[in-house]
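Working notes, structure below.
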Amino acid sequence: MKSILTPLGPKADKDTVRRHNLSLVLRAVRDEGESGEATRAGVAARVGLTRAAVSSLVEQLMDSGFLTESGKTFSGQAGRPGTALKVARTGPAGLGVEINIDYVSVCVVDLAGTGRVRQTEHLDNRGAPAGEVLARAAAIAARTLDSASEQELRPVGAALALPGLVSGGAVRQAPNLGWNEVPAQDLFADALTALRPGRPVLPVASENEANLAALAELWFGGLGDVRSFLYLTGEIGVGGALVLNGELLRGAHGFAGEIGHVVVDPDGPECRCGSRGCLEQYAGQSAFLRAAGIDEAGAGGGSGVLELERRARAGDDRAVAALAEAGRMLGRVVSGAVNLVDPDAVVLGGIYRGLMPWLAPPADEELTGRVVSGLWSPGSGRLRASSVAGDAARGAAALVVQDVLDDPVAYAEPSGG
(Lines give C-alpha, C1' and ligand atoms only; values in the text may rest on other atoms or scores of the structure.)
Protein backbone atom coordinates (compact mmCIF):
# COMPACT_ATOMS: atom_id res chain seq x y z
CA MET A 1 0.00 0.00 0.00
CA LYS A 2 1.22 3.49 -0.81
CA SER A 3 2.62 5.71 1.89
CA ILE A 4 0.26 8.37 3.17
CA LEU A 5 0.47 12.03 2.13
CA THR A 6 3.10 11.72 -0.59
CA PRO A 7 4.17 15.30 -1.41
CA LEU A 8 3.45 16.79 -4.82
CA GLY A 9 6.71 17.23 -6.73
CA PRO A 10 7.81 20.63 -8.02
CA LYS A 11 7.72 19.51 -11.68
CA ALA A 12 4.39 17.74 -11.59
CA ASP A 13 2.82 17.07 -15.00
CA LYS A 14 -0.83 17.77 -15.85
CA ASP A 15 -1.96 14.28 -14.86
CA THR A 16 -0.26 14.55 -11.46
CA VAL A 17 -1.77 17.98 -10.86
CA ARG A 18 -5.24 16.72 -11.78
CA ARG A 19 -4.90 13.71 -9.47
CA HIS A 20 -3.81 16.04 -6.69
CA ASN A 21 -6.81 18.30 -7.33
CA LEU A 22 -9.19 15.34 -7.37
CA SER A 23 -7.90 14.48 -3.91
CA LEU A 24 -8.42 18.07 -2.73
CA VAL A 25 -12.01 18.11 -3.97
CA LEU A 26 -12.88 14.69 -2.57
CA ARG A 27 -11.47 15.60 0.83
CA ALA A 28 -13.28 18.94 0.80
CA VAL A 29 -16.63 17.29 0.11
CA ARG A 30 -15.94 14.70 2.82
CA ASP A 31 -14.93 17.37 5.35
CA GLU A 32 -17.78 19.76 4.60
CA GLY A 33 -20.20 16.87 4.71
CA GLU A 34 -19.37 16.39 8.38
CA SER A 35 -20.90 19.75 9.27
CA GLY A 36 -23.32 20.42 6.44
CA GLU A 37 -23.89 20.05 2.71
CA ALA A 38 -21.08 20.71 0.23
CA THR A 39 -21.67 22.51 -3.07
CA ARG A 40 -19.40 23.04 -6.05
CA ALA A 41 -19.11 26.73 -5.21
CA GLY A 42 -18.36 25.99 -1.57
CA VAL A 43 -15.70 23.46 -2.50
CA ALA A 44 -14.13 25.89 -4.98
CA ALA A 45 -13.85 28.52 -2.26
CA ARG A 46 -12.38 25.99 0.15
CA VAL A 47 -9.67 24.58 -2.12
CA GLY A 48 -8.84 27.74 -4.08
CA LEU A 49 -9.80 26.50 -7.55
CA THR A 50 -12.26 28.01 -10.03
CA ARG A 51 -15.82 26.74 -9.98
CA ALA A 52 -15.41 25.50 -13.57
CA ALA A 53 -12.36 23.46 -12.58
CA VAL A 54 -14.14 22.06 -9.53
CA SER A 55 -17.22 21.17 -11.61
CA SER A 56 -15.01 19.17 -13.99
CA LEU A 57 -13.31 17.39 -11.10
CA VAL A 58 -16.65 16.66 -9.42
CA GLU A 59 -18.00 15.11 -12.62
CA GLN A 60 -14.98 12.79 -12.80
CA LEU A 61 -15.40 11.80 -9.15
CA MET A 62 -19.10 11.15 -9.70
CA ASP A 63 -18.43 9.07 -12.81
CA SER A 64 -15.92 7.01 -10.79
CA GLY A 65 -18.41 6.43 -7.97
CA PHE A 66 -16.74 8.55 -5.27
CA LEU A 67 -19.35 11.33 -5.06
CA THR A 68 -23.12 11.59 -5.44
CA GLU A 69 -25.63 14.42 -5.51
CA SER A 70 -28.14 14.45 -2.68
CA GLY A 71 -30.88 16.19 -4.66
CA LYS A 72 -30.90 19.24 -2.37
CA THR A 73 -30.23 22.67 -3.81
CA PHE A 74 -29.04 25.89 -2.18
CA SER A 75 -29.99 29.34 -3.46
CA GLY A 76 -28.51 32.70 -2.56
CA GLN A 77 -25.16 31.99 -4.21
CA ALA A 78 -23.79 33.75 -7.27
CA GLY A 79 -25.03 32.05 -10.43
CA ARG A 80 -27.42 29.12 -10.49
CA PRO A 81 -28.43 27.33 -7.27
CA GLY A 82 -25.85 24.88 -5.96
CA THR A 83 -26.58 21.16 -5.82
CA ALA A 84 -25.50 19.40 -2.63
CA LEU A 85 -22.70 16.86 -2.91
CA LYS A 86 -22.06 13.86 -0.71
CA VAL A 87 -19.38 11.20 -0.49
CA ALA A 88 -20.84 7.98 -1.91
CA ARG A 89 -22.02 5.37 0.60
CA THR A 90 -21.06 2.61 -1.81
CA GLY A 91 -17.85 1.81 -3.66
CA PRO A 92 -14.30 2.01 -2.27
CA ALA A 93 -13.86 1.37 1.45
CA GLY A 94 -11.24 0.23 3.96
CA LEU A 95 -10.93 -3.03 5.90
CA GLY A 96 -9.43 -2.90 9.38
CA VAL A 97 -8.37 -5.97 11.38
CA GLU A 98 -7.36 -5.72 15.03
CA ILE A 99 -5.63 -8.79 16.46
CA ASN A 100 -5.31 -8.58 20.21
CA ILE A 101 -4.52 -10.93 23.04
CA ASP A 102 -8.06 -12.13 23.67
CA TYR A 103 -10.09 -11.03 20.65
CA VAL A 104 -10.10 -10.26 16.94
CA SER A 105 -12.17 -7.35 15.66
CA VAL A 106 -12.76 -6.56 11.99
CA CYS A 107 -14.56 -3.57 10.51
CA VAL A 108 -15.25 -1.86 7.21
CA VAL A 109 -15.23 1.95 6.99
CA ASP A 110 -16.60 3.90 4.03
CA LEU A 111 -15.11 7.03 2.48
CA ALA A 112 -17.04 9.27 4.87
CA GLY A 113 -15.34 7.51 7.78
CA THR A 114 -18.50 5.72 8.86
CA GLY A 115 -18.16 2.21 10.29
CA ARG A 116 -20.49 0.06 8.20
CA VAL A 117 -19.72 -3.55 9.16
CA ARG A 118 -18.22 -4.94 12.36
CA GLN A 119 -17.48 -8.49 13.48
CA THR A 120 -15.72 -9.30 16.75
CA GLU A 121 -14.82 -12.70 18.14
CA HIS A 122 -13.36 -13.28 21.61
CA LEU A 123 -10.48 -15.70 21.25
CA ASP A 124 -7.63 -16.53 23.60
CA ASN A 125 -4.68 -16.00 21.28
CA ARG A 126 -1.98 -16.44 23.93
CA GLY A 127 0.24 -19.40 23.17
CA ALA A 128 -1.50 -20.18 19.86
CA PRO A 129 0.73 -20.46 16.78
CA ALA A 130 0.92 -17.13 14.98
CA GLY A 131 -0.12 -18.67 11.67
CA GLU A 132 -3.24 -20.13 13.29
CA VAL A 133 -4.22 -16.80 14.87
CA LEU A 134 -3.74 -14.93 11.61
CA ALA A 135 -5.69 -17.59 9.67
CA ARG A 136 -8.60 -17.19 12.10
CA ALA A 137 -8.44 -13.43 11.65
CA ALA A 138 -8.47 -13.90 7.88
CA ALA A 139 -11.58 -16.07 8.15
CA ILE A 140 -13.38 -13.36 10.12
CA ALA A 141 -12.18 -10.77 7.59
CA ALA A 142 -13.50 -12.87 4.69
CA ARG A 143 -16.96 -13.00 6.27
CA THR A 144 -16.82 -9.26 6.90
CA LEU A 145 -15.93 -8.65 3.25
CA ASP A 146 -18.97 -10.70 2.19
CA SER A 147 -21.20 -8.54 4.41
CA ALA A 148 -19.63 -5.39 2.96
CA SER A 149 -20.32 -6.62 -0.56
CA GLU A 150 -24.01 -6.94 0.32
CA GLN A 151 -23.96 -3.20 1.03
CA GLU A 152 -22.20 -2.53 -2.31
CA LEU A 153 -18.99 -1.59 -0.54
CA ARG A 154 -15.69 -2.50 -2.17
CA PRO A 155 -12.79 -2.56 0.32
CA VAL A 156 -9.67 -1.79 -1.67
CA GLY A 157 -7.12 -2.67 1.00
CA ALA A 158 -6.69 -4.03 4.49
CA ALA A 159 -4.67 -2.83 7.46
CA LEU A 160 -3.71 -4.93 10.46
CA ALA A 161 -3.64 -3.48 13.96
CA LEU A 162 -1.15 -5.59 15.90
CA PRO A 163 0.11 -5.53 19.50
CA GLY A 164 3.80 -5.13 20.22
CA LEU A 165 6.68 -3.87 18.10
CA VAL A 166 5.61 -3.72 14.45
CA SER A 167 7.77 -2.75 11.48
CA GLY A 168 8.24 -3.84 7.89
CA GLY A 169 5.05 -5.90 7.93
CA ALA A 170 6.32 -8.06 10.81
CA VAL A 171 5.69 -8.26 14.54
CA ARG A 172 9.21 -7.99 15.91
CA GLN A 173 8.09 -8.72 19.45
CA ALA A 174 4.69 -9.15 21.10
CA PRO A 175 5.40 -10.46 24.61
CA ASN A 176 1.80 -11.20 25.59
CA LEU A 177 1.24 -13.24 22.42
CA GLY A 178 4.65 -14.88 22.54
CA TRP A 179 5.40 -13.69 18.99
CA ASN A 180 8.90 -12.87 17.79
CA GLU A 181 9.80 -11.95 14.21
CA VAL A 182 6.40 -13.05 12.86
CA PRO A 183 5.73 -12.00 9.22
CA ALA A 184 2.14 -11.19 10.15
CA GLN A 185 1.33 -9.14 7.07
CA ASP A 186 2.30 -11.88 4.62
CA LEU A 187 0.71 -14.68 6.66
CA PHE A 188 -2.59 -12.81 6.87
CA ALA A 189 -2.54 -11.81 3.18
CA ASP A 190 -1.86 -15.39 2.07
CA ALA A 191 -4.62 -16.79 4.30
CA LEU A 192 -7.17 -14.21 3.10
CA THR A 193 -6.29 -14.78 -0.55
CA ALA A 194 -6.69 -18.55 -0.14
CA LEU A 195 -10.16 -18.04 1.35
CA ARG A 196 -11.29 -15.88 -1.59
CA PRO A 197 -10.23 -17.69 -4.78
CA GLY A 198 -10.89 -15.72 -7.92
CA ARG A 199 -11.36 -12.45 -6.01
CA PRO A 200 -9.02 -9.46 -6.30
CA VAL A 201 -6.03 -9.70 -3.98
CA LEU A 202 -6.21 -7.02 -1.30
CA PRO A 203 -3.01 -5.14 -0.48
CA VAL A 204 -2.29 -5.38 3.25
CA ALA A 205 -0.55 -2.90 5.55
CA SER A 206 0.20 -3.20 9.27
CA GLU A 207 0.75 -0.94 12.26
CA ASN A 208 0.88 -1.06 16.05
CA GLU A 209 -2.65 -1.25 17.46
CA ALA A 210 -2.21 1.63 19.93
CA ASN A 211 -1.01 3.87 17.10
CA LEU A 212 -4.11 3.08 15.07
CA ALA A 213 -6.42 3.59 18.04
CA ALA A 214 -4.82 7.00 18.59
CA LEU A 215 -5.35 7.91 14.92
CA ALA A 216 -8.99 6.84 15.18
CA GLU A 217 -9.34 9.12 18.20
CA LEU A 218 -7.72 11.96 16.25
CA TRP A 219 -9.88 11.48 13.15
CA PHE A 220 -13.22 10.46 14.67
CA GLY A 221 -13.11 11.15 18.42
CA GLY A 222 -14.28 14.07 20.49
CA LEU A 223 -10.95 15.85 20.95
CA GLY A 224 -12.09 19.12 19.39
CA ASP A 225 -9.09 21.37 18.82
CA VAL A 226 -6.67 19.07 20.68
CA ARG A 227 -3.94 18.03 18.25
CA SER A 228 -1.25 16.86 20.69
CA PHE A 229 -2.08 14.06 23.07
CA LEU A 230 -0.78 10.91 24.69
CA TYR A 231 -3.03 7.89 24.12
CA LEU A 232 -2.98 4.83 26.39
CA THR A 233 -4.97 1.71 25.68
CA GLY A 234 -5.54 -0.82 28.41
CA GLU A 235 -6.07 -4.45 27.54
CA ILE A 236 -4.20 -7.49 28.86
CA GLY A 237 -1.19 -5.39 27.88
CA VAL A 238 -0.80 -1.62 28.06
CA GLY A 239 -0.14 0.19 24.80
CA GLY A 240 0.62 3.81 24.10
CA ALA A 241 0.88 6.28 21.24
CA LEU A 242 1.86 9.90 20.96
CA VAL A 243 0.28 12.38 18.54
CA LEU A 244 2.00 15.77 18.21
CA ASN A 245 0.44 18.57 16.16
CA GLY A 246 -1.83 16.07 14.43
CA GLU A 247 0.97 13.72 13.42
CA LEU A 248 1.69 10.29 14.88
CA LEU A 249 5.17 10.07 16.43
CA ARG A 250 6.56 6.68 15.40
CA GLY A 251 10.18 7.09 16.45
CA ALA A 252 13.35 6.22 14.55
CA HIS A 253 12.38 2.56 14.11
CA GLY A 254 8.59 2.73 14.45
CA PHE A 255 8.59 1.55 18.07
CA ALA A 256 7.66 4.75 19.93
CA GLY A 257 4.89 4.60 22.53
CA GLU A 258 5.69 1.37 24.40
CA ILE A 259 4.66 2.92 27.69
CA GLY A 260 3.45 -0.39 29.10
CA HIS A 261 7.07 -1.44 29.45
CA VAL A 262 8.28 1.65 31.27
CA VAL A 263 9.68 0.34 34.56
CA VAL A 264 7.80 1.39 37.69
CA ASP A 265 9.84 -0.72 40.11
CA PRO A 266 13.04 -2.51 39.01
CA ASP A 267 12.48 -5.07 41.76
CA GLY A 268 8.83 -5.59 40.83
CA PRO A 269 7.14 -8.60 39.20
CA GLU A 270 8.74 -10.19 36.17
CA CYS A 271 7.21 -9.05 32.89
CA ARG A 272 6.75 -11.09 29.72
CA CYS A 273 9.05 -8.65 27.93
CA GLY A 274 11.95 -9.92 30.06
CA SER A 275 12.21 -6.91 32.34
CA ARG A 276 10.77 -6.46 35.84
CA GLY A 277 8.26 -4.07 37.34
CA CYS A 278 6.83 -2.72 34.07
CA LEU A 279 3.69 -0.57 34.19
CA GLU A 280 1.81 -3.47 32.61
CA GLN A 281 2.40 -5.49 35.79
CA TYR A 282 0.44 -2.90 37.79
CA ALA A 283 -2.07 -1.39 35.36
CA GLY A 284 -2.69 -4.21 32.86
CA GLN A 285 -5.92 -6.21 32.92
CA SER A 286 -4.37 -9.29 34.47
CA ALA A 287 -2.76 -7.24 37.24
CA PHE A 288 -5.83 -5.49 38.55
CA LEU A 289 -8.13 -8.50 38.13
CA ARG A 290 -5.68 -10.47 40.24
CA ALA A 291 -5.49 -7.68 42.81
CA ALA A 292 -9.30 -7.55 42.94
CA GLY A 293 -9.52 -11.32 43.50
CA ILE A 294 -11.18 -12.06 40.15
CA ASP A 295 -10.21 -15.27 38.36
CA GLU A 296 -9.21 -14.14 34.88
CA ALA A 297 -8.99 -17.70 33.57
CA GLY A 298 -12.62 -18.32 34.43
CA ALA A 299 -13.83 -15.04 32.96
CA GLY A 300 -13.55 -15.15 29.20
CA GLY A 301 -14.70 -12.64 26.60
CA GLY A 302 -13.92 -9.61 28.73
CA SER A 303 -16.36 -10.64 31.47
CA GLY A 304 -13.63 -10.29 34.11
CA VAL A 305 -13.46 -6.55 33.49
CA LEU A 306 -17.25 -6.31 33.57
CA GLU A 307 -17.24 -8.12 36.91
CA LEU A 308 -14.58 -5.74 38.21
CA GLU A 309 -16.67 -2.77 37.16
CA ARG A 310 -19.76 -4.29 38.79
CA ARG A 311 -17.91 -4.81 42.06
CA ALA A 312 -16.44 -1.32 41.99
CA ARG A 313 -19.87 0.23 41.45
CA ALA A 314 -21.13 -1.81 44.42
CA GLY A 315 -18.33 -0.34 46.55
CA ASP A 316 -16.34 -3.57 46.93
CA ASP A 317 -13.23 -2.51 48.88
CA ARG A 318 -10.86 -4.90 47.13
CA ALA A 319 -12.01 -3.90 43.63
CA VAL A 320 -11.84 -0.18 44.40
CA ALA A 321 -8.38 -0.56 45.95
CA ALA A 322 -7.09 -2.52 42.93
CA LEU A 323 -8.26 0.20 40.55
CA ALA A 324 -6.90 2.97 42.76
CA GLU A 325 -3.45 1.35 42.74
CA ALA A 326 -3.61 0.93 38.94
CA GLY A 327 -4.60 4.58 38.61
CA ARG A 328 -1.71 5.72 40.79
CA MET A 329 0.78 3.75 38.74
CA LEU A 330 -0.67 5.12 35.51
CA GLY A 331 -0.36 8.66 36.88
CA ARG A 332 3.26 8.18 37.92
CA VAL A 333 4.37 6.86 34.56
CA VAL A 334 2.26 9.25 32.50
CA SER A 335 3.59 12.24 34.45
CA GLY A 336 7.05 11.47 33.09
CA ALA A 337 5.73 11.44 29.54
CA VAL A 338 3.84 14.68 30.13
CA ASN A 339 6.96 16.36 31.48
CA LEU A 340 8.88 15.13 28.43
CA VAL A 341 6.53 16.06 25.57
CA ASP A 342 3.94 18.49 27.06
CA PRO A 343 0.74 17.17 25.38
CA ASP A 344 -2.58 18.98 25.62
CA ALA A 345 -4.33 15.86 26.92
CA VAL A 346 -3.92 12.26 28.01
CA VAL A 347 -6.55 9.92 26.61
CA LEU A 348 -7.32 6.54 28.17
CA GLY A 349 -8.86 3.94 25.89
CA GLY A 350 -9.54 0.20 25.74
CA ILE A 351 -10.76 -1.21 29.04
CA TYR A 352 -9.64 1.96 30.81
CA ARG A 353 -12.54 3.83 29.25
CA GLY A 354 -15.20 2.09 31.34
CA LEU A 355 -13.03 2.15 34.48
CA MET A 356 -12.36 5.90 34.40
CA PRO A 357 -14.51 6.71 37.48
CA TRP A 358 -12.02 4.77 39.64
CA LEU A 359 -8.79 5.20 37.67
CA ALA A 360 -8.98 8.93 36.98
CA PRO A 361 -8.95 10.45 40.52
CA PRO A 362 -5.72 8.75 41.72
CA ALA A 363 -4.09 9.23 38.30
CA ASP A 364 -5.03 12.92 38.29
CA GLU A 365 -3.64 13.31 41.80
CA GLU A 366 -0.29 11.83 40.76
CA LEU A 367 -0.15 14.00 37.65
CA THR A 368 -0.97 17.14 39.62
CA GLY A 369 1.88 16.47 42.03
CA ARG A 370 4.46 15.38 39.45
CA VAL A 371 3.95 17.52 36.32
CA VAL A 372 6.55 20.24 36.81
CA SER A 373 4.85 22.91 34.70
CA GLY A 374 2.09 23.23 37.29
CA LEU A 375 -0.45 23.26 34.44
CA TRP A 376 -2.06 20.00 35.53
CA SER A 377 -4.93 20.04 37.99
CA PRO A 378 -7.65 17.50 38.86
CA GLY A 379 -10.79 18.00 36.84
CA SER A 380 -9.01 20.11 34.21
CA GLY A 381 -10.18 17.80 31.44
CA ARG A 382 -6.64 17.02 30.36
CA LEU A 383 -7.11 13.41 31.49
CA ARG A 384 -10.05 12.04 29.56
CA ALA A 385 -11.66 8.84 28.37
CA SER A 386 -11.46 7.91 24.71
CA SER A 387 -14.56 8.15 22.58
CA VAL A 388 -16.36 5.03 21.38
CA ALA A 389 -15.01 5.83 17.91
CA GLY A 390 -11.38 5.54 18.96
CA ASP A 391 -10.66 1.86 18.42
CA ALA A 392 -7.80 0.24 16.55
CA ALA A 393 -9.87 -1.69 14.00
CA ARG A 394 -11.59 1.49 12.86
CA GLY A 395 -8.27 3.32 12.79
CA ALA A 396 -6.82 0.53 10.63
CA ALA A 397 -9.72 0.71 8.16
CA ALA A 398 -9.44 4.50 8.08
CA LEU A 399 -5.74 4.17 7.23
CA VAL A 400 -6.83 2.52 3.97
CA VAL A 401 -9.44 5.22 3.39
CA GLN A 402 -6.75 7.91 3.79
CA ASP A 403 -4.88 6.34 0.88
CA VAL A 404 -8.04 6.43 -1.25
CA LEU A 405 -8.62 10.08 -0.41
CA ASP A 406 -4.99 10.85 -1.30
CA ASP A 407 -5.29 9.41 -4.81
CA PRO A 408 -8.85 8.44 -5.83
CA VAL A 409 -7.77 7.70 -9.41
CA ALA A 410 -5.71 4.75 -8.19
CA TYR A 411 -8.80 3.20 -6.58
CA ALA A 412 -11.47 3.87 -9.20
CA GLU A 413 -13.59 0.88 -10.21
CA PRO A 414 -11.72 -1.02 -12.96
CA SER A 415 -13.38 -0.73 -16.38
CA GLY A 416 -15.68 -3.63 -17.02
CA GLY A 417 -15.72 -4.65 -13.31
Side-chain angles (χ1 to χ4, degrees), residues 1 94-108 117-148 155-213 233 235-237 239 253-255 258 260-261 271-274 280 284-286 296-297 300-302 391-397 399-400:
M1 194 174 296
L95 178 74
V97 181
E98 180 185 2
I99 299 173
N100 220 303
I101 313 306
D102 56 352
Y103 66 88
V104 172
S105 189
V106 182
C107 75
V108 171
V117 185
R118 169 81 69 163
Q119 294 195 25
T120 300
E121 291 191 15
H122 292 280
L123 305 162
D124 189 352
N125 296 319
R126 287 171 289 189
E132 180 181 313
V133 173
L134 289 158
R136 289 199 301 248
I140 300 169
R143 295 196 297 270
T144 306
L145 288 168
D146 289 340
S147 297
V156 296
L160 300 179
L162 300 163
L165 305 180
V166 181
S167 71
V171 177
R172 303 302 176 186
Q173 184 184 38
N176 288 307
L177 282 174
W179 291 9
N180 290 285
E181 300 298 335
V182 172
Q185 199 168 292
D186 289 344
L187 289 172
F188 175 85
D190 291 346
L192 184 61
T193 300
L195 289 167
R196 306 175 74 241
R199 306 281 188 90
V201 176
L202 287 186
V204 179
S206 58
E207 179 61 271
N208 172 267
E209 53 91 18
N211 285 349
L212 291 172
T233 177
E235 302 291 348
I236 289 175
H253 307 96
F255 301 151
E258 287 295 324
H261 296 289
C271 183
R272 288 177 179 269
C273 73
E280 193 170 285
Q285 175 179 307
S286 298
E296 183 181 16
D391 72 271
R394 188 176 184 188
L399 198 66
V400 178

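Worth knowing before you read on, the calculation uses all heavy atoms, side chains too, and leaves out hydrogens, waters and symmetry mates.
Interatomic distance, F188 CZ to R136 CZ, rounded to the nearest 0.5 Å: 13.5 Å. Put simply, CZ on R394 and SG on C107 are 8.0 Å apart, with the number rounded to the nearest 0.5 Å. The CD1 atom of I236 sits 9.0 Å away from the CG atom of L177 when rounded to the nearest 0.5 Å. Between the SG atom of C273 and the CD atom of E258 there is a distance of 9.5 Å, given to the nearest 0.5 Å. Distance CG/L195 to CG/D190: 11.0 Å, rounded to 0.5 Å.
Residues E280 and G237 come closest through the heavy atom pair OE1-CA, 3.3 Å. Heavy atoms only, all atoms of each residue included: A191 and A138 are closest at CB-CB, 3.7 Å. Closest approach of L212 to A392, counting heavy atoms only: CB-O, 3.8 Å. When all heavy atoms of W179 and A128 are compared, the closest pair comes out as NE1-O, 4.0 Å.
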Inset, instruction - Please lay out, stage by stage, how L192 and L202 fare under the test side chain to side chain contact (heavy atoms under 4.5 Å, CB included). - result: CA-CA 8 Å; L192 184 61; L202 287 186; 4.2 Å; yes
Inset, instruction - Give the intermediate values and the outcome of side chain to side chain contact (heavy atoms under 4.5 Å, CB included) for residues T120 and V104. - result: CA-CA 6 Å; T120 300; V104 172; over 6 Å; no
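Applying the side-chain hydrogen bond (donor to acceptor under 3.5 Å, both in side chains) rule to pairs touching residues 158-171 yields S167-R172, sequence neighbours excluded. Pairs passing the side-chain hydrogen bond (donor to acceptor under 3.5 Å, both in side chains) check and including a residue from residues 193-206, sequence neighbours excluded, read Q185-S206.
No donor-acceptor contact under 3.5 angstrom links the side chains of E235 and N176, judged on distance only.
Among L134, I99, L162, the single residue meeting the side chain to side chain contact (heavy atoms under 4.5 Å, CB included) criterion with V171 is L162.
Put simply, the side chain of I101 does not reach to within 4.5 Å of the side chain of N125, judged on heavy atoms. Looking only at side-chain heavy atoms (C-beta outward), R118 and V108 stay at 4.5 Å or farther from each other. For the pair L123/Y103, no side-chain contact is recorded, criterion being any heavy-atom separation below 4.5 Å from C-beta on.
Partners of R143 by side chain to side chain contact (heavy atoms under 4.5 Å, CB included), not counting sequence neighbours, listed by chain and number: Q119, E121, A139, I140.
Here the side chain of N208 pairs no donor or acceptor atom with the backbone of P163 at under 3.5 angstrom. Checking side-chain atoms of N100 against main-chain N and O of D102 turns up no donor-acceptor pair under 3.5 Å.
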